[in-house]
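The structure under discussion appears below in the form of structure tokens.
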Amino acid sequence: MIGLKRLNNLRFCMETTIKENIAGDVIECGVWRGGATILMRGILKAYNITDKNVWVADSFEGLPFPDEENYPEDKGDEHAVHEELAISVESVKENFRRYDLLDEKVKFAKGWFKDTLPDLNIDTISVLRADGDMYESTIQILESLYHKVSVGGFVIIDDYHAVIGCKKATNLFREVNNITDPMVEIDGIGAFWRKTS
């Protein structure tokens, strides 16, 4: 679903953090069928990296219905009605198994981001890939996890240009937290930045 350019971007971010010894686990929030996290695990295995976990964070029930009271930016969002976005955790695990990549280094965080991410047992992050689509999901990812991203680590926003709520959440978070690291385009849909301070 994310296309070759965003896959190549993920590989670049992963390999850069490996080559430069940037501390921290890697995580994708919003995984669908697990393709990006499978690639993340595959890269770590190819480089024989054994001190990083791959976190697979998703509701595994699709996206939430808009909480218009708390997140009016999501008014009218229809992601929740698309049943094809609800892929079970068992299906994602089976996809990992197909590539012989399901092992103790793959950690699953099942549930809505508001419930799982704030208390996630992850100390530091080297690559954070946010694919939450909506304003609510995106802001919850950034508020819960950005402070754990190591200096030199990467933050990838999959839907930055695809969903206006996602872009609003990202821009607001960067503004409130005085993040001036340049936002780099990937493919006209996704964007990323590298944390420098």
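Computed from heavy atoms alone, side chains included, the values below leave out hydrogens, waters and symmetry copies. Numbers here are sequence positions counted from 1.
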Least distance between heavy atoms, G111 atom then T116 atom: CA-CG2, 3.7 Å
Roughly how far, to the nearest 0.5 Å, is the CG atom of L142 from the CZ atom of R174? 10.0 Å
Might you confirm whether atom CZ of R97 has over 12 heavy atoms from other residues, nucleotides or ligands at distances under 6.0 Å? yes
Over all atoms of both residues, closest heavy-atom pair of I156 and N9: CD1-OD1, 3.6 Å
Would you kindly confirm whether I189 and V184 end up in one hydrophobic cluster when ILVMFWY residues are joined by side chain heavy atoms under 4.5 Å apart? no
Distance-minimising heavy-atom pair for A36 and R129: CB-CD, 4.3 Å
Salt-bridge contact K45-D103 (side-chain N to carboxylate O under 4.0 Å): no
side-chain contact (heavy atoms from CB on, under 4.5 Å) with K148: which of I122, D123, T124? I122
When you check the gap from the basic side-chain N to the acidic O, do R41 and E104 get nearer than 4.0 Å? no
Straight-line distance of D115 CG to Q140 CD, nearest 0.5 Å: 8.5 Å
Is there a donor-acceptor pair closer than 3.5 Å between any side-chain N or O of S59 and the backbone N or O of E61? yes
Report yes if some heavy atom in the side chain of K107 is under 4.5 Å from a heavy atom in the side chain of L120; otherwise report no. no
Under 6.0 Å between the ring centres of F154 and F12? yes
In terms of side-chain geometry, is the basic nitrogen of D58 or K110 positioned less than 4.0 Å from the acidic oxygen of its partner? no
Measuring from L10:CG to N8:CG, what's the distance to the nearest 0.5 Å? 9.5 Å
Check ion pair E90-K93 (N to O, under 4.0 angstrom): no
Quick check against the 3.5 Å criterion: does S88 have a side-chain atom that pairs as donor or acceptor with the backbone of S91? yes
Do you know which two heavy atoms are closest between S126 and A23, and how far apart they sit? CB-O, 3.5 Å
Going through the distances and angles, do C166 and Y135 end up as a side chain to side chain contact (heavy atoms under 4.5 Å, CB included)? CA-CA 5 Å; C166 173; Y135 182 98; over 6 Å; no
Kindly determine whether I27 and V127 satisfy side chain to side chain contact (heavy atoms under 4.5 Å, CB included), including the steps that lead there. CA-CA 6 Å; I27 184 169; V127 177; over 6 Å; no
Is there a donor-acceptor contact under 3.5 Å from the side chain of D131 to the main chain of C29? no
CA sep, side-chain torsions, deciding dist, call: M134, I139, side chain to side chain contact (heavy atoms under 4.5 Å, CB included): CA-CA 9 Å; M134 302 167 68; I139 202 71; over 6 Å; no
Can the positive tip of K167 be found less than 6.0 Å from the middle of the six-membered ring of Y160, inside 45° of the ring normal? yes
Roughly how far, to the nearest 0.5 Å, is the SG atom of C13 from the CD1 atom of I22? 11.5 Å
Should D25 and K52 count as an ion pair when the cut-off is N to O under 4.0 Å? no
Which atom of G188 lies closest to which atom of H161, heavy atoms considered: O-CB, 3.1 Å
As an exercise, state the distance from OG1 of T37 to CH2 of W55, rounded to the nearest 0.5 Å. 13.5 Å
Could you check whether any side-chain N or O of D181 sits under 3.5 Å from a backbone N or O of W193, counting only pairs where one atom can act as donor and the other as acceptor? no
Cluster check V176, I141: I/L/V/M/F/W/Y, side chain < 4.5 angstrom: yes
Return the OH to OG1 distance between Y146 and T170, rounded to the nearest 0.5 Å. 11.5 Å
Determine, stepwise, if the pair M14 / V26 fulfils side chain to side chain contact (heavy atoms under 4.5 Å, CB included). CA-CA 8 Å; M14 291 287 297; V26 299; 3.6 Å; yes
Joint cluster assignment, I186 & I164, ILVMFWY side-chain distance < 4.5 Å: no
Any luck finding a side-chain donor-acceptor pair between Y47 and E15 under 3.5 Å? yes
Salt-bridge test for R6 and D158: reply yes if a basic N is under 4.0 Å from a carboxylate O, no otherwise. yes
Which atoms form the tightest heavy-atom contact between V92 and I87, and what is the distance? CG2-CG2, 4.0 Å
